[in-house]
Amino acid sequence: MPVSPPDKTISFVIKPVLFLLCLLPLGVLVWAVFNDMLGANPAERLTRETGEWTLRFLLITLAVTPVRKLLRSPWLIKLRRMLGLYVFFYASIHMLTYIWFDQFFDVDEIIRDVIKRPFITVGFLAFILLIPLVLTSTNKMIRRLKKNWVKLHKLIYVIAVLAILHFFWLVKADYQELIVYGLILLLLLFYRLYQQRKKGVY
Amino acid sequence: MSIIIKTSSDIKASEITPKSVYMDRRRFMKQAFASSLLLATDAMLPAWAKRWPDLEASQFNASDKLTPFENVTSYNNFYELGTGKKDPASNASMFNPEPWSIAVEGECNKPGVFNLEDFIKPYALQEYIYRLRCVEGWSMVIPWVGFSLADMLKQFEPNSNAKYVEFTTLLDKSRLPGQARRVLNWPYVEGLRIDEAMNPLPIMAVGLYGDILPSQNGAPIRLVVPWKYGFKSIKSIVKIRFTETQPKATWNERAPEEYGFYSNVNPEVDHPRWSQKTERRIGEPFWKPKHKTQMFNGYGEQVAHLYAGMDLVKYF
């Protein structure tokens, strides 16, 4: 049986290291901005990269449960909140790049875009749905909401599907990358269905 | 130790290379390259040598600031060399545009198959500085080297059935590896109505920035139609056909509700998925506001009459 690292190691080594690791993509992007390494269209690159990192962190967060079961390492659950908050962190930067470098804070135009463009509508919706999850991510809220917390946080599956849809409606012709992300999400969702079935919930 | 700095009066006249001699040298270089026109690769040219260093400017040249060469040649939509923006530049070495021939077919009196050199020989090349507006919402200002499409088409004497002109890109997945994946329905096809094609604005481009076209920009010969979205300006052309019916243009066939046959730049008609009101000018700092997109990309004076009485929302 794999053993769980001591609580102290988790709190003072693993979590800080993971925290910094999750900041790395942003660090690389910022570094690239200041060294003019984002190519001919830096605004598009920034929006694209932060969007993809949001999706990646979302999939990583959803992978925590299956991975901890497969590796028989229940302690991994202690890392999930941080990963989930990083989804929101990258989603916020993704939003900001759109509001700033695409729309230049033109509120009317942004509202029109959100209403009129399905891919922006679903992206915006996914972002909004993340907010209650962030607000209820504290230990106190988990205790207070009890079973409702679990129900509420099932929203993440809706968000994940919206995120994929957001990506899908953006693609012009080449779906290869999208298909990879989509398949990973399907796998993660099927795992959960399978688990439910085993428990006889169905 | 003293450093001797010669002033102009110190330099003997005999030391100065006479202008005629160095001009001759340039001329020699040019002729040498011209004789191997488009058969030579970039590697054979000294770094400083541009193939067409001083061309006459076209009458329609835009006064906008040029997009840097580096950007023009590293940010491309040329799915035949990969779907990422940087892919065409990365994969450029896989595409050798030599030898090259062009077939002219269809409703005309003088069809034929020509090698590239013969094909472009009749025309005086000029520099055309045109704005290029991509349907994705970005734009560039590019100094093309080329010649009038209309002048070229007239050589083949289109007949009265020629209502459209159709262009086709090379189909060869060994040279254009992107064609191994069916991202689009290869080969890429584009078309113009004959009166659009006969307008003085569209050109056949064989170069940019005074030099031959890099592979990623559609070597060795491409179309440039400055008042239409960039995808109409088909690259690496091997076939030109005069037709009576509207050509089946690739993007139009792929998603007719998103990419019209006309695809004139029009800030009033949005792409179903994004706005076309503004555009990001590549090469400008990304924190600077975008440009307002102009009707017909600012070429209305030359082309608006082509669409008189047409509903441009319907015929987008």
Side-chain angles (χ1 to χ4, degrees), chain A residues 29-30 32-52 93-94 96-124 165-180, chain B residues 67-77 79-80 82-90 134-140 178 181-186 188 216 229 231 250-251 253-255 258-259 270-292:
Chain A
L29 279 177
V30 172
V33 169
F34 285 102
N35 288 280
D36 196 17
M37 289 180 71
L38 287 179
N41 195 346
E44 185 217 23
R45 261 303 277 293
L46 279 177
T47 308
R48 170 102 194 181
E49 295 283 342
T50 52
E52 277 200 47
I93 302 172
H94 180 56
L96 183 67
T97 61
Y98 162 75
I99 292 170
W100 191 345
F101 303 123
D102 249 320
Q103 301 294 1
F104 293 90
F105 303 103
D106 184 339
V107 178
D108 289 348
E109 198 55 46
I110 292 168
I111 293 171
R112 221 169 297 153
D113 239 14
V114 169
I115 295 168
K116 217 173 152 188
R117 322 263 167 232
F119 88 97
I120 294 180
T121 314
V122 296
F124 186 77
L165 198 58
H166 173 63
F167 196 166
F168 174 74
W169 276 332
L170 183 68
V171 175
K172 274 170 67 193
D174 188 355
Y175 291 98
Q176 190 170 261
E177 218 182 342
L178 176 85
I179 288 168
V180 173
Chain B
T67 304
F69 176 82
E70 172 66 23
N71 294 156
V72 173
T73 54
S74 68
Y75 191 76
N76 308 98
N77 277 329
Y79 285 10
E80 285 83 342
T83 55
K85 288 286 183 294
K86 284 194 286 188
D87 292 349
S90 314
C134 178
V135 73
E136 294 166 350
W138 51 267
S139 61
M140 295 184 179
R181 286 177 54 214
R182 269 185 67 99
V183 180
L184 290 172
N185 194 9
W186 312 119
Y188 197 92
Q216 63 267 35
Y229 292 120
F231 67 87
T250 300
W251 278 105
E253 287 284 305
R254 157 100 193 195
E258 299 201 345
Y259 311 100
D270 286 341
H271 184 279
R273 290 185 281 164
W274 53 81
S275 163
Q276 295 291 26
K277 285 195 190 71
T278 60
E279 64 201 54
R280 190 183 305 285
R281 189 57 63 78
I282 300 297
E284 290 181 1
F286 67 91
W287 54 88
K288 288 270 175 71
K290 297 193 202 172
H291 291 235
K292 281 205 158 62

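What's counted below: heavy atoms across the whole structure, side chains too, no hydrogens, waters or symmetry copies. Proteins get letters first, then strands, A, B, ... in listed order; numbering begins at 1 in each.
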Please determine whether the number of non-hydrogen atoms from other residues, nucleotides or ligands lying under 6.0 Å from atom [atom1] of [X] exceeds 12.
X: A:Tyr98; atom1: OH; answer: yes
X: A:Phe34; atom1: CZ; answer: no
X: B:Trp274; atom1: CH2; answer: yes

- Evaluate the side chain to side chain contact (heavy atoms under 4.5 Å, CB included) criterion for residues A:Leu46 and B:Phe286: first the C-alpha distance (whole Å), next the side-chain angles of each, then the deciding distance (0.1 Å), finally the verdict. CA-CA 10 Å; A:Leu46 279 177; B:Phe286 67 91; 3.9 Å; yes
- Task: Can you check whether anything in residues 167-176 of chain A gets within less than 4.5 Å of chain B, heavy-atom wise, and list it by number?
- Result: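 Within residues 167-176 of chain A, the residues that come under 4.5 Å of chain B (heavy atoms only) are A:Phe168, A:Trp169, A:Leu170, A:Val171, A:Lys172, A:Ala173, A:Asp174, A:Tyr175, A:Gln176.
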Heavy-atom proximity to chain A below 4.5 Å, by part of [X]:
X: B:Pro272; value: backbone
X: B:Asn76; value: neither
X: B:Glu136; value: side chain
X: B:Val72; value: neither
X: B:Trp138; value: side chain

- Query: What heavy-atom pair brings A:Ala40 and B:Tyr75 nearest, and what distance separates the two atoms?
  - Reply: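 Answer, listing the atom of A:Ala40 first, then B:Tyr75: CB-CB, 3.4 Å.
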- Message: A:Asn41 vs B:Lys85, test: side chain to side chain contact (heavy atoms under 4.5 Å, CB included). Steps then yes/no.
- Response: CA-CA 9 Å; A:Asn41 195 346; B:Lys85 288 286 183 294; over 6 Å; no
Interface moiety of [X] toward chain B, non-hydrogen atoms closer than 4.5 Å:
X: A:Phe101; answer: both
X: A:Glu177; answer: neither
X: A:Asp36; answer: neither

- Take A:Glu109 and B:Lys277 through the test side chain to side chain contact (heavy atoms under 4.5 Å, CB included) and record every step on the way to the result. CA-CA 10 Å; A:Glu109 198 55 46; B:Lys277 285 195 190 71; 4.2 Å; yes
- Identify which of B:Arg181, B:Arg254, B:Glu258 forms the greatest number of heavy-atom pairs closer than 4.5 Å to chain A.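 When all of B:Arg181, B:Arg254, B:Glu258 are compared, B:Arg181 has the most.
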- Query: With respect to chain A, which residue among B:Ser74, B:Pro285, B:Gly283, B:Ser275 yields the maximal number of heavy-atom pairs within a distance under 4.5 Å?
  - Reply: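 It is B:Ser275.
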- Spacing of CZ belonging to B:Arg273 relative to CD1 belonging to A:Ile120, to within rounding of 0.5 Å: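 Output value for this atom pair is 11.5 Å.
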